[in-house]
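Whatever order the structure lists ligands and atoms in, that order sets their numbers, starting from 1.
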Amino acid sequence: MRFGICTLDDFDLEGKTVLCRVDINQPIDRKTGTLKDLTRIKGCLPTLKELSDRKAKTVLLAHQGGDLEYKNYFTTAPHAKVLSELMDREVLFVDDVTGPTAREMIKNLKNGEILLLDNVRFVAEEMTLFETKINLTPEEQSKTQVVQKLAPLADLYVCDAFAAAHRSQPTLVGFEQLLPSAMGRLFEEEFCVISGVMEKPERPCLFILGGAKIQDAFMMMNTVLSDGVADRVITGGLVSHIMLLAKGIDIGKQSTDLIHKMNLFEYVKVAKNILDQFEDKILLPVDLAYANDSRHEVALDNLPDDELLVDIGSATIEIFKNAIEQAKTIFINGPMGVFENELSEKGTKAVWEAVAESNAYSVIGGGDSITAVNKYKVEDKVSYICTGGGALVRFLTGEELPVVKALRHAANQYGCERVK
Ligand code: ADP
Ligand code: MG
(Lines give C-alpha, C1' and ligand atoms only; values in the text may rest on other atoms or scores of the structure.)
(Ligands and ions follow the chains in the order given, each with its own letter.)
Protein backbone atom coordinates (compact mmCIF):
# COMPACT_ATOMS: atom_id res chain seq x y z
CA MET A 1 0.00 0.00 0.00
CA ARG A 2 1.24 3.44 -0.98
CA PHE A 3 -0.63 6.77 -0.92
CA GLY A 4 -3.65 4.84 0.39
CA ILE A 5 -3.72 2.66 -2.72
CA CYS A 6 -2.86 -1.04 -3.05
CA THR A 7 0.11 -1.96 -5.23
CA LEU A 8 1.02 -5.16 -7.06
CA ASP A 9 3.14 -6.11 -4.04
CA ASP A 10 -0.03 -6.60 -2.03
CA PHE A 11 -1.54 -9.43 -4.06
CA ASP A 12 -0.79 -12.99 -4.98
CA LEU A 13 -1.38 -13.09 -8.73
CA GLU A 14 -0.85 -16.70 -9.77
CA GLY A 15 -3.87 -18.04 -11.64
CA LYS A 16 -5.84 -14.86 -10.95
CA THR A 17 -7.76 -13.07 -13.67
CA VAL A 18 -6.65 -9.45 -13.68
CA LEU A 19 -8.42 -6.66 -15.56
CA CYS A 20 -5.68 -4.17 -16.32
CA ARG A 21 -6.57 -0.72 -17.70
CA VAL A 22 -3.71 0.89 -19.59
CA ASP A 23 -3.41 4.14 -21.56
CA ILE A 24 -1.77 3.36 -24.88
CA ASN A 25 -3.76 5.97 -26.76
CA GLN A 26 -1.66 7.76 -29.38
CA PRO A 27 -1.67 9.27 -32.83
CA ILE A 28 -2.33 6.58 -35.43
CA ASP A 29 -2.31 6.38 -39.21
CA ARG A 30 -5.81 5.10 -39.89
CA LYS A 31 -4.98 4.01 -43.43
CA THR A 32 -2.21 1.64 -42.43
CA GLY A 33 -2.92 1.15 -38.73
CA THR A 34 0.60 2.34 -37.91
CA LEU A 35 1.12 3.58 -34.34
CA LYS A 36 3.03 6.83 -34.34
CA ASP A 37 4.35 7.20 -30.81
CA LEU A 38 5.30 4.21 -28.67
CA THR A 39 6.07 6.16 -25.46
CA ARG A 40 2.94 5.06 -23.63
CA ILE A 41 3.06 1.46 -24.84
CA LYS A 42 6.63 1.19 -23.59
CA GLY A 43 5.61 2.76 -20.29
CA CYS A 44 3.22 -0.05 -19.39
CA LEU A 45 5.59 -2.90 -20.26
CA PRO A 46 6.93 -3.35 -16.70
CA THR A 47 3.44 -3.94 -15.34
CA LEU A 48 2.48 -6.31 -18.15
CA LYS A 49 5.70 -8.29 -17.81
CA GLU A 50 5.24 -8.56 -14.09
CA LEU A 51 1.62 -9.71 -14.38
CA SER A 52 2.64 -12.33 -16.92
CA ASP A 53 5.76 -13.45 -15.02
CA ARG A 54 3.74 -13.78 -11.85
CA LYS A 55 1.33 -16.02 -13.77
CA ALA A 56 -1.75 -13.87 -13.80
CA LYS A 57 -4.31 -14.18 -16.59
CA THR A 58 -4.25 -10.61 -17.83
CA VAL A 59 -7.06 -8.88 -19.65
CA LEU A 60 -6.00 -5.51 -21.04
CA LEU A 61 -8.48 -2.68 -21.43
CA ALA A 62 -7.49 0.35 -23.49
CA HIS A 63 -8.94 3.16 -25.56
CA GLN A 64 -7.73 4.62 -28.83
CA GLY A 65 -8.90 8.05 -29.92
CA GLY A 66 -12.51 9.05 -29.51
CA ASP A 67 -15.47 10.25 -31.50
CA LEU A 68 -14.85 13.84 -30.45
CA GLU A 69 -11.88 14.20 -32.77
CA TYR A 70 -12.38 10.97 -34.69
CA LYS A 71 -9.07 10.99 -36.51
CA ASN A 72 -7.43 8.62 -34.03
CA TYR A 73 -10.54 6.55 -33.30
CA PHE A 74 -9.45 3.03 -34.19
CA THR A 75 -9.32 -0.61 -33.20
CA THR A 76 -6.60 -1.64 -30.75
CA ALA A 77 -5.56 -4.56 -32.98
CA PRO A 78 -2.29 -2.83 -34.01
CA HIS A 79 -1.45 -2.26 -30.36
CA ALA A 80 -1.58 -6.01 -29.68
CA LYS A 81 0.89 -6.63 -32.46
CA VAL A 82 3.29 -3.96 -31.25
CA LEU A 83 2.95 -5.16 -27.66
CA SER A 84 3.76 -8.72 -28.76
CA GLU A 85 6.93 -7.49 -30.46
CA LEU A 86 8.04 -5.33 -27.54
CA MET A 87 7.26 -7.98 -24.93
CA ASP A 88 8.72 -10.80 -26.95
CA ARG A 89 5.70 -12.92 -26.06
CA GLU A 90 2.33 -13.19 -27.70
CA VAL A 91 -0.33 -10.70 -26.69
CA LEU A 92 -3.69 -12.09 -27.81
CA PHE A 93 -6.34 -9.82 -29.28
CA VAL A 94 -10.11 -10.05 -29.71
CA ASP A 95 -12.20 -7.57 -31.68
CA ASP A 96 -14.82 -7.43 -28.98
CA VAL A 97 -15.06 -5.78 -25.55
CA THR A 98 -17.98 -7.17 -23.56
CA GLY A 99 -19.63 -9.68 -25.90
CA PRO A 100 -19.68 -13.48 -25.63
CA THR A 101 -16.53 -13.91 -27.71
CA ALA A 102 -14.50 -11.70 -25.41
CA ARG A 103 -15.95 -13.30 -22.30
CA GLU A 104 -15.25 -16.81 -23.59
CA MET A 105 -11.64 -15.90 -24.36
CA ILE A 106 -11.20 -14.40 -20.90
CA LYS A 107 -12.51 -17.57 -19.27
CA ASN A 108 -10.12 -19.70 -21.33
CA LEU A 109 -6.98 -17.70 -20.59
CA LYS A 110 -4.07 -19.68 -19.18
CA ASN A 111 -1.67 -18.53 -16.48
CA GLY A 112 0.72 -15.90 -17.81
CA GLU A 113 -1.32 -15.15 -20.92
CA ILE A 114 -2.28 -11.60 -21.92
CA LEU A 115 -5.37 -10.67 -23.90
CA LEU A 116 -6.03 -7.19 -25.25
CA LEU A 117 -9.70 -6.36 -25.80
CA ASP A 118 -10.81 -3.99 -28.53
CA ASN A 119 -11.08 -0.21 -28.04
CA VAL A 120 -13.21 0.24 -24.91
CA ARG A 121 -14.64 3.42 -26.43
CA PHE A 122 -16.44 1.21 -28.97
CA VAL A 123 -18.80 0.54 -26.06
CA ALA A 124 -21.11 3.55 -25.98
CA GLU A 125 -20.97 4.35 -22.26
CA GLU A 126 -17.24 4.88 -22.27
CA MET A 127 -17.74 7.66 -24.79
CA THR A 128 -20.95 9.23 -23.51
CA LEU A 129 -19.41 9.51 -20.07
CA PHE A 130 -16.37 11.23 -21.53
CA GLU A 131 -15.61 14.46 -19.73
CA THR A 132 -18.66 16.61 -19.28
CA LYS A 133 -21.49 14.98 -21.22
CA ILE A 134 -23.03 13.04 -18.36
CA ASN A 135 -21.74 12.87 -14.83
CA LEU A 136 -22.30 9.54 -13.13
CA THR A 137 -21.22 8.64 -9.63
CA PRO A 138 -18.71 5.80 -9.36
CA GLU A 139 -21.52 3.56 -8.05
CA GLU A 140 -23.52 4.32 -11.18
CA GLN A 141 -20.43 3.69 -13.30
CA SER A 142 -20.21 0.23 -11.78
CA LYS A 143 -23.64 -0.56 -13.25
CA THR A 144 -22.51 0.08 -16.82
CA GLN A 145 -22.34 -2.69 -19.39
CA VAL A 146 -18.58 -3.08 -19.49
CA VAL A 147 -18.23 -3.34 -15.71
CA GLN A 148 -21.25 -5.60 -15.26
CA LYS A 149 -20.07 -8.02 -17.95
CA LEU A 150 -16.38 -8.17 -17.10
CA ALA A 151 -16.11 -7.73 -13.32
CA PRO A 152 -17.69 -11.15 -12.56
CA LEU A 153 -14.93 -12.82 -14.58
CA ALA A 154 -12.09 -11.15 -12.69
CA ASP A 155 -10.35 -11.38 -9.30
CA LEU A 156 -8.54 -8.08 -9.38
CA TYR A 157 -8.57 -4.73 -11.18
CA VAL A 158 -5.29 -2.97 -11.90
CA CYS A 159 -5.08 0.57 -13.22
CA ASP A 160 -1.84 1.53 -14.92
CA ALA A 161 -3.39 4.40 -16.87
CA PHE A 162 -2.03 7.42 -15.01
CA ALA A 163 -2.42 9.41 -18.22
CA ALA A 164 -6.20 8.90 -17.97
CA ALA A 165 -6.45 9.26 -14.19
CA HIS A 166 -8.34 12.55 -14.51
CA ARG A 167 -11.20 10.89 -16.39
CA SER A 168 -14.34 9.55 -14.82
CA GLN A 169 -15.32 6.71 -17.14
CA PRO A 170 -16.52 3.13 -16.53
CA THR A 171 -13.25 1.29 -17.28
CA LEU A 172 -11.35 3.77 -15.09
CA VAL A 173 -13.50 4.21 -12.00
CA GLY A 174 -16.24 1.55 -12.22
CA PHE A 175 -14.39 -1.68 -11.45
CA GLU A 176 -13.01 -0.30 -8.19
CA GLN A 177 -16.53 -0.43 -6.77
CA LEU A 178 -16.74 -4.19 -7.22
CA LEU A 179 -13.22 -5.61 -7.14
CA PRO A 180 -10.07 -5.40 -5.03
CA SER A 181 -7.90 -2.98 -6.98
CA ALA A 182 -4.30 -1.89 -7.32
CA MET A 183 -2.29 0.65 -9.27
CA GLY A 184 0.21 -0.70 -11.77
CA ARG A 185 3.95 0.03 -11.71
CA LEU A 186 3.84 2.94 -14.15
CA PHE A 187 0.99 4.57 -12.24
CA GLU A 188 2.90 4.10 -9.01
CA GLU A 189 6.08 5.56 -10.46
CA GLU A 190 4.41 8.62 -11.98
CA PHE A 191 2.42 9.28 -8.84
CA CYS A 192 5.52 9.02 -6.73
CA VAL A 193 7.80 11.18 -8.88
CA ILE A 194 5.28 13.97 -9.32
CA SER A 195 4.16 14.16 -5.72
CA GLY A 196 7.81 14.12 -4.64
CA VAL A 197 8.78 17.03 -6.85
CA MET A 198 5.63 18.97 -5.97
CA GLU A 199 6.22 18.62 -2.28
CA LYS A 200 9.75 19.91 -2.27
CA PRO A 201 10.82 21.41 -5.57
CA GLU A 202 14.34 22.72 -5.68
CA ARG A 203 14.18 26.50 -6.22
CA PRO A 204 13.67 28.35 -8.43
CA CYS A 205 10.82 26.26 -9.79
CA LEU A 206 9.70 27.13 -13.30
CA PHE A 207 6.48 26.16 -15.07
CA ILE A 208 6.43 26.25 -18.87
CA LEU A 209 2.83 26.29 -20.06
CA GLY A 210 1.85 26.37 -23.69
CA GLY A 211 -0.38 24.46 -26.07
CA ALA A 212 -4.10 24.60 -26.40
CA LYS A 213 -5.64 23.08 -23.26
CA ILE A 214 -6.58 26.43 -21.88
CA GLN A 215 -8.81 25.50 -18.98
CA ASP A 216 -6.25 23.12 -17.52
CA ALA A 217 -3.38 25.53 -18.08
CA PHE A 218 -5.06 28.39 -16.24
CA MET A 219 -6.32 26.20 -13.42
CA MET A 220 -2.82 24.89 -12.88
CA MET A 221 -1.19 28.29 -13.22
CA ASN A 222 -3.49 29.70 -10.59
CA THR A 223 -2.83 26.87 -8.14
CA VAL A 224 0.92 26.67 -8.42
CA LEU A 225 1.30 30.44 -8.19
CA SER A 226 -1.14 30.75 -5.29
CA ASP A 227 0.38 28.00 -3.19
CA GLY A 228 3.90 29.10 -4.01
CA VAL A 229 5.05 25.94 -5.81
CA ALA A 230 5.95 27.98 -8.90
CA ASP A 231 8.47 30.80 -8.66
CA ARG A 232 8.05 31.64 -12.30
CA VAL A 233 5.77 30.80 -15.22
CA ILE A 234 6.62 30.97 -18.91
CA THR A 235 3.71 31.01 -21.34
CA GLY A 236 3.57 30.14 -25.02
CA GLY A 237 1.06 28.75 -27.50
CA LEU A 238 -2.57 29.74 -27.18
CA VAL A 239 -2.09 30.18 -23.43
CA SER A 240 0.11 33.17 -24.13
CA HIS A 241 -2.32 34.61 -26.67
CA ILE A 242 -4.98 34.76 -23.98
CA MET A 243 -2.53 36.30 -21.52
CA LEU A 244 -1.63 38.97 -24.07
CA LEU A 245 -5.31 39.72 -24.66
CA ALA A 246 -5.72 40.07 -20.90
CA LYS A 247 -2.93 42.66 -20.93
CA GLY A 248 -4.84 44.58 -23.56
CA ILE A 249 -2.49 43.70 -26.40
CA ASP A 250 -4.04 43.39 -29.82
CA ILE A 251 -3.01 39.98 -31.20
CA GLY A 252 -4.63 40.66 -34.57
CA LYS A 253 -7.99 39.74 -36.01
CA GLN A 254 -7.26 36.18 -37.11
CA SER A 255 -5.73 35.04 -33.85
CA THR A 256 -8.43 36.81 -31.81
CA ASP A 257 -11.12 35.17 -33.95
CA LEU A 258 -9.57 31.77 -33.32
CA ILE A 259 -9.86 32.30 -29.56
CA HIS A 260 -13.54 33.23 -30.02
CA LYS A 261 -14.16 30.29 -32.34
CA MET A 262 -12.71 27.91 -29.77
CA ASN A 263 -14.98 29.43 -27.11
CA LEU A 264 -11.95 30.48 -25.12
CA PHE A 265 -12.55 34.20 -24.79
CA GLU A 266 -14.01 33.79 -21.30
CA TYR A 267 -10.49 32.86 -20.13
CA VAL A 268 -9.26 36.38 -20.81
CA LYS A 269 -10.94 37.33 -17.55
CA VAL A 270 -9.31 34.43 -15.72
CA ALA A 271 -5.96 35.47 -17.18
CA LYS A 272 -6.48 39.07 -16.03
CA ASN A 273 -7.12 37.88 -12.55
CA ILE A 274 -3.91 35.86 -12.51
CA LEU A 275 -1.92 38.74 -13.98
CA ASP A 276 -3.28 41.15 -11.37
CA GLN A 277 -1.91 38.97 -8.60
CA PHE A 278 1.25 37.51 -10.08
CA GLU A 279 2.39 39.67 -12.98
CA ASP A 280 5.99 39.81 -11.78
CA LYS A 281 6.25 36.01 -11.88
CA ILE A 282 4.88 35.50 -15.38
CA LEU A 283 6.89 35.79 -18.57
CA LEU A 284 4.96 36.54 -21.76
CA PRO A 285 6.23 36.59 -25.33
CA VAL A 286 7.64 39.89 -26.57
CA ASP A 287 7.44 38.82 -30.20
CA LEU A 288 5.46 36.24 -32.16
CA ALA A 289 5.69 34.55 -35.52
CA TYR A 290 3.38 33.84 -38.41
CA ALA A 291 4.06 31.63 -41.39
CA ASN A 292 2.90 31.91 -44.97
CA ASP A 293 5.50 31.05 -47.62
CA SER A 294 8.16 31.66 -45.02
CA ARG A 295 8.49 32.51 -41.36
CA HIS A 296 8.01 36.11 -40.19
CA GLU A 297 8.64 37.39 -36.68
CA VAL A 298 6.97 40.52 -35.37
CA ALA A 299 7.02 42.56 -32.20
CA LEU A 300 3.83 42.89 -30.14
CA ASP A 301 3.00 46.39 -31.36
CA ASN A 302 2.93 45.23 -34.94
CA LEU A 303 0.98 41.97 -35.00
CA PRO A 304 -0.86 41.30 -38.29
CA ASP A 305 -4.63 41.10 -38.67
CA ASP A 306 -4.63 38.77 -41.63
CA GLU A 307 -2.24 36.07 -40.40
CA LEU A 308 -2.51 33.47 -37.64
CA LEU A 309 0.19 33.67 -35.00
CA VAL A 310 1.72 30.24 -34.72
CA ASP A 311 4.92 30.54 -32.68
CA ILE A 312 6.95 32.66 -30.32
CA GLY A 313 9.69 34.83 -31.83
CA SER A 314 13.48 34.87 -31.42
CA ALA A 315 13.61 37.67 -28.83
CA THR A 316 11.13 35.71 -26.71
CA ILE A 317 13.19 32.55 -27.11
CA GLU A 318 16.23 34.33 -25.67
CA ILE A 319 14.27 35.54 -22.64
CA PHE A 320 12.78 32.10 -22.04
CA LYS A 321 16.19 30.39 -22.39
CA ASN A 322 17.57 32.69 -19.74
CA ALA A 323 14.77 31.75 -17.31
CA ILE A 324 15.32 28.07 -18.05
CA GLU A 325 19.04 28.39 -17.32
CA GLN A 326 18.30 29.81 -13.88
CA ALA A 327 15.72 27.20 -12.87
CA LYS A 328 16.42 24.17 -10.66
CA THR A 329 13.05 22.49 -11.22
CA ILE A 330 11.05 22.68 -14.44
CA PHE A 331 7.54 21.47 -15.28
CA ILE A 332 6.48 21.58 -18.90
CA ASN A 333 3.10 21.07 -20.48
CA GLY A 334 2.16 22.31 -23.93
CA PRO A 335 4.29 23.40 -26.89
CA MET A 336 5.24 27.01 -27.64
CA GLY A 337 3.69 26.96 -31.10
CA VAL A 338 2.39 24.78 -33.91
CA PHE A 339 5.56 22.69 -33.77
CA GLU A 340 4.07 20.16 -36.19
CA ASN A 341 5.01 22.55 -39.03
CA GLU A 342 8.56 23.36 -39.93
CA LEU A 343 7.99 27.11 -40.11
CA SER A 344 6.48 27.29 -36.64
CA GLU A 345 8.59 24.82 -34.67
CA LYS A 346 11.46 27.12 -33.79
CA GLY A 347 10.11 28.20 -30.39
CA THR A 348 9.22 24.74 -29.16
CA LYS A 349 12.46 23.25 -30.44
CA ALA A 350 14.60 25.95 -28.79
CA VAL A 351 12.77 25.75 -25.47
CA TRP A 352 12.82 21.95 -25.40
CA GLU A 353 16.55 21.95 -26.20
CA ALA A 354 17.22 24.53 -23.51
CA VAL A 355 15.42 22.37 -20.97
CA ALA A 356 17.45 19.37 -22.11
CA GLU A 357 20.69 21.30 -21.61
CA SER A 358 19.80 22.68 -18.22
CA ASN A 359 20.83 20.99 -15.00
CA ALA A 360 17.35 21.38 -13.52
CA TYR A 361 15.16 18.45 -12.60
CA SER A 362 12.66 18.53 -15.47
CA VAL A 363 9.26 16.88 -15.75
CA ILE A 364 7.42 17.00 -19.04
CA GLY A 365 3.91 15.75 -19.69
CA GLY A 366 1.25 15.86 -22.38
CA GLY A 367 0.72 13.95 -25.61
CA ASP A 368 1.95 16.66 -27.94
CA SER A 369 4.70 17.76 -25.58
CA ILE A 370 6.07 14.20 -25.58
CA THR A 371 5.81 14.02 -29.35
CA ALA A 372 8.01 17.13 -29.37
CA VAL A 373 10.46 15.46 -26.96
CA ASN A 374 10.86 12.61 -29.41
CA LYS A 375 10.95 14.88 -32.44
CA TYR A 376 13.84 16.91 -31.00
CA LYS A 377 15.52 13.81 -29.59
CA VAL A 378 15.83 15.05 -26.03
CA GLU A 379 14.20 12.03 -24.37
CA ASP A 380 17.41 11.08 -22.56
CA LYS A 381 18.02 14.61 -21.32
CA VAL A 382 14.67 15.33 -19.71
CA SER A 383 14.62 14.01 -16.15
CA TYR A 384 11.13 12.57 -16.23
CA ILE A 385 8.66 12.07 -19.05
CA CYS A 386 5.18 11.68 -17.65
CA THR A 387 2.75 9.86 -19.94
CA GLY A 388 -0.07 12.01 -18.66
CA GLY A 389 -0.87 15.51 -19.92
CA GLY A 390 -4.30 16.29 -18.54
CA ALA A 391 -3.71 14.00 -15.58
CA LEU A 392 -0.38 15.60 -14.70
CA VAL A 393 -1.91 19.04 -14.97
CA ARG A 394 -4.96 18.20 -12.86
CA PHE A 395 -2.72 16.51 -10.33
CA LEU A 396 -0.70 19.71 -10.09
CA THR A 397 -3.85 21.69 -9.44
CA GLY A 398 -4.19 19.77 -6.21
CA GLU A 399 -7.35 17.96 -7.27
CA GLU A 400 -7.83 14.35 -6.15
CA LEU A 401 -7.99 12.54 -9.48
CA PRO A 402 -11.12 10.39 -10.01
CA VAL A 403 -9.08 7.23 -10.56
CA VAL A 404 -6.98 7.87 -7.45
CA LYS A 405 -10.17 8.37 -5.49
CA ALA A 406 -11.68 5.14 -6.86
CA LEU A 407 -8.51 3.15 -6.11
CA ARG A 408 -8.50 4.50 -2.54
CA HIS A 409 -12.14 3.54 -2.24
CA ALA A 410 -11.28 -0.03 -3.28
CA ALA A 411 -8.43 -0.16 -0.74
CA ASN A 412 -10.85 0.85 2.02
CA GLN A 413 -13.65 -1.37 0.86
CA TYR A 414 -11.75 -4.54 0.00
CA GLY A 415 -8.38 -4.09 1.66
CA CYS A 416 -5.17 -4.98 -0.06
CA GLU A 417 -4.92 -8.68 0.58
CA ARG A 418 -8.20 -10.32 -0.25
CA VAL A 419 -6.92 -11.98 -3.40
CA LYS A 420 -3.98 -13.71 -1.63
P1 ADP B 1 -0.17 18.54 -24.76
O2 ADP B 1 -0.77 17.50 -25.68
O3 ADP B 1 1.31 18.48 -24.68
O4 ADP B 1 -0.83 18.54 -23.41
P5 ADP B 1 -1.87 20.57 -25.90
O6 ADP B 1 -2.71 19.49 -26.46
O7 ADP B 1 -2.44 21.46 -24.86
O8 ADP B 1 -0.47 19.99 -25.41
O9 ADP B 1 -1.43 21.55 -27.09
C10 ADP B 1 -0.81 21.08 -28.25
C11 ADP B 1 -1.39 21.71 -29.48
O12 ADP B 1 -1.39 23.12 -29.39
C13 ADP B 1 -0.56 21.35 -30.71
O14 ADP B 1 -1.37 20.65 -31.63
C15 ADP B 1 -0.13 22.71 -31.25
O16 ADP B 1 -0.15 22.76 -32.66
C17 ADP B 1 -1.16 23.63 -30.66
N18 ADP B 1 -0.66 25.02 -30.62
C19 ADP B 1 0.42 25.50 -29.98
N20 ADP B 1 0.58 26.81 -30.22
C21 ADP B 1 -0.43 27.19 -31.02
C22 ADP B 1 -0.82 28.42 -31.63
N23 ADP B 1 -0.11 29.53 -31.46
N24 ADP B 1 -1.93 28.43 -32.41
C25 ADP B 1 -2.64 27.28 -32.60
N26 ADP B 1 -2.32 26.10 -32.05
C27 ADP B 1 -1.23 26.05 -31.28
MG1 MG C 1 -2.56 17.43 -26.80
Verdict with reasoning, N374 to T39, per side chain to side chain donor-acceptor pair (under 3.5 Å): CA-CA 9 Å; N374 296 328; T39 313; 3.2 Å; yes
Ring pair (Phe, Tyr, Trp, His ring centres under 6.0 Å) between F191 and F395, intermediate numbers included: CA-CA 9 Å; F191 200 117; F395 190 97; 5.3 Å; yes
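Evaluation of the side chain to side chain donor-acceptor pair (under 3.5 Å) test over residues 285-300, restricted to residues two or more places apart or in two chains, returns D287-T316, N292-H296, N292-E307, S294-H296, R295-E297, R295-D311, E297-S314.
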Please table the atom pairs, donor to acceptor, closer than 3.5 Å between any side-chain atom in residues 58-66 and protein atoms at least two apart or in another chain.
from : atom 1 : to  : atom 2 : distance (Å)
H63  : ND1    : R21 : NH1    : 3.2
H63  : ND1    : R21 : NH2    : 3.2
Q64  : OE1    : Q26 : N      : 3.3
Q64  : OE1    : H79 : NE2    : 2.8
Q64  : NE2    : N25 : OD1    : 3.3
Q64  : NE2    : Q26 : O      : 2.6
Q64  : NE2    : N72 : O      : 3.1

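Atom CG of residue N412 and atom CG of residue L407 lie 11.5 Å apart, to the nearest 0.5 angstrom. The line from OG of S362 to CG of L206 is 10.5 Å long, rounded to the nearest 0.5 Å.
Side chains of E140 and T137: a donor-acceptor N/O pair is present below 3.5 angstrom, by distance only.
At a 4.0 Å heavy-atom cut-off, the residues surrounding ligand 1 are G211, A212, K213, G237, L238, H241, L309, V310, N333, G334, P335, G337, V338, E340, G366, G367, D368, S369, listed by chain and number.
Taking a cutoff of 4.0 Å between a charged side-chain nitrogen and a carboxylate oxygen, D216 and R394 qualify as a salt bridge.
If you check the gamma sulfurs of C159 and C20, they are not less than 2.5 Å from each other.
Looking only at protein N/O/S atoms, the ones less than 2.8 Å from the Mg ion (ligand 2) make 1 in total.
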